[in-house]
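Each remark here refers to the structure printed beneath this line.
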Amino acid sequence: MGLFDGLKRNKKAPVTVSGIETVASAQQSDSEVELEDAQLADYEPEELSSEAVSGQQEGEYDVVSEPEPEPEEPQHAEASSSDGSLNPASRVIKPYSEKSKVDHVIGQTKIMSIINQKGGVGKSTTAINLSAILGTMKKQVLLVDLDPQGNATSGLGIDKRALDACVYDVLLNGVPVEDVIIPDVTEGLDVVPATINLAGAEVELVSEFARENRLKDSLGSLRGKYDYIIIDCPPSLGLLTINGLVAADSLLIPIQSEFYALEGVTKLLDSMKLVKSRLNPSLEIYGVLITMYDARTTLSKQVSEEVRNYFGKKVFETPIPRTVKLSEAPSYGMPINEYDPSGKGAQAYRAVAKEVIERGKNS
């Protein structure tokens, strides 16, 4: 018997596909089957029969008959218009000169690049939420969005259409980084935003003098003004990513707990070693973060074990779970600590932020 043979069909049975719950209300006739629109609010997952569970083959996904319910909807500002379309509230954009005063003594600034050449592993999600939560822990944080997609910018509710300049102008037009910083986006967090203009930077940087050092030179004046400068790198190993590697003191590498996430890690480490030997001798791995972790599946556990065996103590103790709320938060223009402060995603990133601070004390 196959894994799903125990599922019984009925006319109003909920159907679970890859963790997304939908329901189809079917009316069958001799000539056609009409499906009603899926209603996403009140679904209950269908239980698997004992035969289906016992029919698993070794190495397949573990099956949980009663998935853990999602937390209640958080109390937050409306993020959709009357017609149901997403309409995240925009953050107030003000000049750097109006930044709130820092209420603590800032020591040595730590510049950290979040990097993985594979897309969809949680780089921008980690950049947004780690930066925002460090800000709530009385740290001054600057988030530099170095990805032409600008996900870290829009994910914090910044309207890219309202920007006069972005990190592209810093890299290629000689604009001082202070003129581009958006201060006080959330508590303790400033942002250097990115727009679609950055997409042309890869080509334009090729002919520029000292092209690998553009970001490093720009951020030099900010040392001593922030506890952490976090750089969200694009999913590639091009010139923008090299700028992120050269500018950073250390790297944070998110690795998705899926099979394909392990491919290419060697290439990433080779690129890091090349930059370290020729352009940035002090570059080190600050930590490796396991993302999109699902403890219910054998695969997630196996990938986690492989990563921990390879990187050892570099791996953060707390993995980031796969949750709906972490995926939803950017559409509301909020970090997870604002959108769902009591949820599993926020708790996990708080634990990681504490590890980041502790590692900084011991380094």
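Every heavy atom of this structure was used, including side-chain atoms; hydrogens, water molecules and symmetry mates were not.
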So how far is it from [X] [atom1] to [Y] [atom2], rounded to the nearest 0.5 Å?
| X | Y | atom1 | atom2 | answer |
| --- | --- | --- | --- | --- |
| Ile255 | Ser304 | CD1 | OG | 10.0 Å |
| Ile182 | Lys94 | CD1 | NZ | 11.5 Å |
| Leu189 | Ile133 | CG | CD1 | 11.0 Å |
| Asp217 | Glu212 | CG | CD | 11.0 Å |
| Glu187 | Ser100 | CD | OG | 10.0 Å |
| Leu252 | Phe316 | CG | CZ | 4.5 Å |

Flag the pair [X] / [Y] as yes when at least one side-chain heavy-atom distance between them is below 4.5 Å, and no otherwise.
| X | Y | result |
| --- | --- | --- |
| Leu143 | Leu156 | yes |
| Pro254 | Lys118 | no |
| Gln117 | Thr241 | no |
| Asp227 | His104 | yes |
| Thr126 | Ile230 | no |
| Leu268 | Met272 | no |
| Thr323 | Asp340 | no |
| Pro148 | Leu240 | yes |

Strictly distance-based, threshold 3.5 Å: is any side-chain N or O of [X] a donor or acceptor partner for the main-chain N or O of [Y]?
| X | Y | value |
| --- | --- | --- |
| Asn173 | Val175 | no |
| Asn243 | Arg211 | yes |
| Ser154 | Gly150 | yes |
| Asn151 | Ser124 | no |
| Thr109 | Gly224 | yes |
| Thr291 | Val121 | yes |
| Lys110 | Ile357 | no |
| Tyr168 | Ile196 | no |
| Ser277 | Lys273 | yes |
| Asn280 | Ala248 | yes |

Working note: Glu328 + Lys325, criterion salt bridge (Lys or Arg N to Asp or Glu O under 4.0 Å); need CA distance, chi angles, decisive distance, verdict. CA-CA 5 Å; Glu328 289 177 348; Lys325 298 304 179 184; 3.7 Å; yes
Indicate the atoms forming the closest heavy-atom contact of [X] with [Y], along with that distance.
| X | Y | answer |
| --- | --- | --- |
| Lys216 | Val246 | CD-O, 3.8 Å |
| Cys233 | Gly244 | SG-CA, 4.1 Å |
| Tyr96 | Pro183 | CA-CG, 3.9 Å |
| Val170 | Val177 | CG2-CA, 4.0 Å |
| Gly155 | Ile128 | CA-CD1, 3.8 Å |
| Ala351 | Thr318 | CB-OG1, 3.4 Å |

Could you tell me whether the side chains of Ser221 and Glu178 share a donor-acceptor contact shorter than 3.5 Å?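 Short answer, yes.
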Between Glu284 and Arg359, does the salt bridge (Lys or Arg N to Asp or Glu O under 4.0 Å) criterion hold? Intermediate values first, please. CA-CA 13 Å; Glu284 299 291 346; Arg359 292 188 183 194; over 6 Å; no
I'd like to know if [X] and [Y] make a salt bridge, using a cut-off of under 4.0 Å between side-chain N and carboxylate O.
| X | Y | value |
| --- | --- | --- |
| Glu338 | Arg91 | yes |
| Asp249 | Arg223 | yes |
| Glu258 | Arg322 | yes |

Do you reckon [X] sits in the same ILVMFWY cluster as [Y], going by side-chain contacts under 4.5 Å, direct or chained?
| X | Y | answer |
| --- | --- | --- |
| Met292 | Leu289 | no |
| Val206 | Leu198 | yes |
| Leu274 | Leu245 | no |
| Val141 | Leu130 | yes |
| Val92 | Val185 | no |

I would like to know whether Val167 and Asp145 meet side chain to side chain contact (heavy atoms under 4.5 Å, CB included); could you show each step before the answer? CA-CA 7 Å; Val167 69; Asp145 191 352; 5.9 Å; no
Can you name the salt bridge (Lys or Arg N to Asp or Glu O under 4.0 Å) partners of Lys160, sequence neighbours left out?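 If we apply the salt bridge (Lys or Arg N to Asp or Glu O under 4.0 Å) test to Lys160, skipping adjacent residues, there are no hits.
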Quick one: salt bridge (Lys or Arg N to Asp or Glu O under 4.0 Å) partners of Lys354, sequence neighbours excluded?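 In terms of salt bridge (Lys or Arg N to Asp or Glu O under 4.0 Å), with neighbours along the sequence ignored, Lys354 is linked to no residue.
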Transitive ILVMFWY cluster of Ile106 at side-chain heavy atoms under 4.5 Å: who else is in it?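 When side chains under 4.5 Å apart are linked, the cluster holding Ile106 also contains Val102.
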Please assess Leu237 against Ile242 for the test side chain to side chain contact (heavy atoms under 4.5 Å, CB included), listing each intermediate value before the final yes or no. CA-CA 7 Å; Leu237 293 175; Ile242 291 175; over 6 Å; no
Considering residues, nucleotides and ligands other than Lys267, do more than 12 of their heavy atoms fall under 6.0 Å from its NZ?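 Count not over threshold, so no.
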List the steps, then state whether side chain to side chain contact (heavy atoms under 4.5 Å, CB included) holds for Tyr228 with Val356. CA-CA 10 Å; Tyr228 295 94; Val356 167; 3.9 Å; yes
Show your reasoning for whether side chain to side chain contact (heavy atoms under 4.5 Å, CB included) applies to Val303 and Ile290. CA-CA 9 Å; Val303 171; Ile290 297 172; over 6 Å; no
